[in-house]
Amino acid sequence: SVVTYKLSVKVPSVPGNWWVTMGYDNVFLPRGLVGRLPNLREFGVQLKGTMGIFKPQLEIWKRDETESGTLGLDFDDDDDVYIGKLGFSPMKGVRLLPYVVFHEQQRTAARSTEIESWYLGLSASARHKIFSGKADFVYQTGDLDRASGETDSEVSAYVLWLQGGVTLGGA
């Protein structure tokens with residue numbers, strides 16, 4: 001079983017509609033992420049709000065190696081995930097979500113490699129009459145800092161997902 005809990009508090013004396021949320025919940029992970037970044041259900045803090053057509057959101061998620069709250073992960077995971085999103089809708093039927101994700105895996109007793117990954121992405125969706133479409137682009141860069149005596153590595157990858165649809169009437 002998975003337990004999700006959240007505490008949301010409206011930020012007072014700030015123009016717009018701003019909320020701070022903390023607790024255990026799903027982490028936003030775009031489907032274009034390359035490499036090992038599992039679906040986390042970890043403790044985190046979110047700040048989200050509205051600024052005109054923009055909906056900025058900042059998230060910080062932490063996993064301590066003493067916890068095993070995520071199914072399928074070992075006790076030796078010690079990860080930090082920092083996420084920035086800026087969703088907006090420039091016109092009716094179009095939604096854009098540029099984002100950046102920083103993922104850091106610390107060295108632990110069971111893992112000698114420290115991994116730092118940056119994911120820069122854009123998720124776009126549009127709908128016009130019977131047509132709909134979605135595009136996700138993610139660029140990943142980062143470093144694998146191995147223990148002394150082993151060769152370090154640099155990571156560079158990108159991925160593009162395209163999806164389209166047509167809604168047809170009943171027969």
Side-chain angles (χ1 to χ4, degrees), residues 1-108 114-128 132-143 158-161 163:
S1 66
V2 178
V3 176
T4 299
Y5 66 87
K6 293 191 265 187
L7 172 64
S8 293
V9 178
K10 186 167 182 355
V11 179
S13 305
V14 176
N17 190 15
W18 287 86
W19 291 83
V20 172
T21 302
M22 62 186 78
Y24 276 82
D25 200 1
N26 284 322
V27 175
F28 166 83
L29 295 175
R31 63 182 170 170
L33 291 184
V34 180
R36 184 186 169 278
L37 189 55
N39 292 324
L40 304 175
R41 293 185 72 88
E42 298 300 331
F43 181 79
V45 176
Q46 298 175 328
L47 173 64
K48 58 185 172 182
T50 303
M51 295 171 49
I53 66 167
F54 296 103
K55 295 182 186 264
Q57 186 166 332
L58 298 172
E59 302 179 15
I60 300 172
W61 299 90
K62 310 286 260 173
R63 182 190 305 122
D64 185 349
E65 68 178 297
T66 60
E67 298 291 327
S68 185
T70 304
L71 299 175
L73 296 177
D74 298 324
F75 282 100
D76 64 347
D77 286 316
D78 189 357
D79 297 12
D80 299 329
V81 180
Y82 303 89
I83 302 167
K85 300 184 262 184
L86 187 62
F88 65 100
S89 186
M91 62 177 48
K92 184 178 178 181
V94 176
R95 177 152 169 76
L96 300 174
L97 179 65
Y99 57 87
V100 61
V101 177
F102 176 68
H103 178 217
E104 182 178 36
Q105 291 178 291
Q106 304 291 330
R107 284 187 173 95
T108 64
E114 182 175 320
I115 302 171
E116 291 183 354
S117 296
W118 287 91
Y119 303 88
L120 307 170
L122 175 65
S123 181
S125 62
R127 177 173 296 279
H128 179 70
S132 64
K134 183 171 173 122
D136 287 292
F137 175 79
V138 180
Y139 174 72
Q140 175 189 3
T141 185
D143 296 305
Y158 63 90
V159 65
L160 174 65
W161 263 271
Q163 178 181 335

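- Side chain of Ser89 to backbone of Val94: a donor-acceptor contact under 3.5 angstrom is found.
- The nearest pair of heavy atoms linking Leu96 to Ala124 is CD2-CB, 3.4 Å.
- Of all heavy-atom pairs between Val11 and Val20, the closest is CG2-CG2, 3.6 Å.
- Two residues are said to be in side-chain contact when any heavy atoms from C-beta on lie closer than 4.5 Å; Lys85 and Lys48 fail this criterion.
- For the atom pair OG (Ser125) and CD (Gln163), the distance works out to 10.0 Å, reported to the nearest 0.5 Å.
- Summarising the geometry, atom CH2 belonging to Trp161 is positioned 11.5 Å from atom CZ belonging to Phe137; distances are rounded to the nearest 0.5 Å.
- Minimum interatomic distance between Asp136 and Ser123 (heavy atoms only, all atoms of both residues): OD1-OG, 2.7 Å.
- Across all their heavy atoms, Ile53 and Phe88 have their closest contact at O-CB, 3.3 Å.
- Expressed to the nearest 0.5 Å, how far OG1 of Thr21 lies from CG of Leu7 amounts to 8.0 Å.
- We find the CE-NE2 distance between Met91 and His128 to be 11.0 Å, quoted to the nearest 0.5 Å.
- Leu120 contributes atom CG, which lies 15.0 Å from atom OH of Tyr158 (distance to the nearest 0.5 angstrom).
- In this structure, Lys55 NZ and Leu86 CG are separated by 11.5 Å, a value rounded to the nearest 0.5 Å.
- With a 6.0 Å radius and a threshold of 12 heavy atoms from other residues, nucleotides or ligands, Lys10 has its NZ atom above the threshold.
- Counting all heavy atoms, side chain and backbone alike, Tyr82 lies closest to Ile60 at CE2-CG2, 3.6 Å.
- Annotation: side chain of Trp19 is not in contact with side chain of Gln57 (no heavy-atom distance under 4.5 Å).
- Counting only heavy atoms from C-beta outward, the side chains of Glu114 and Glu104 approach each other to under 4.5 Å.
- Taking every heavy atom of both residues into account, Val138 and Tyr99 meet most closely at CG2-OH, 3.1 Å.
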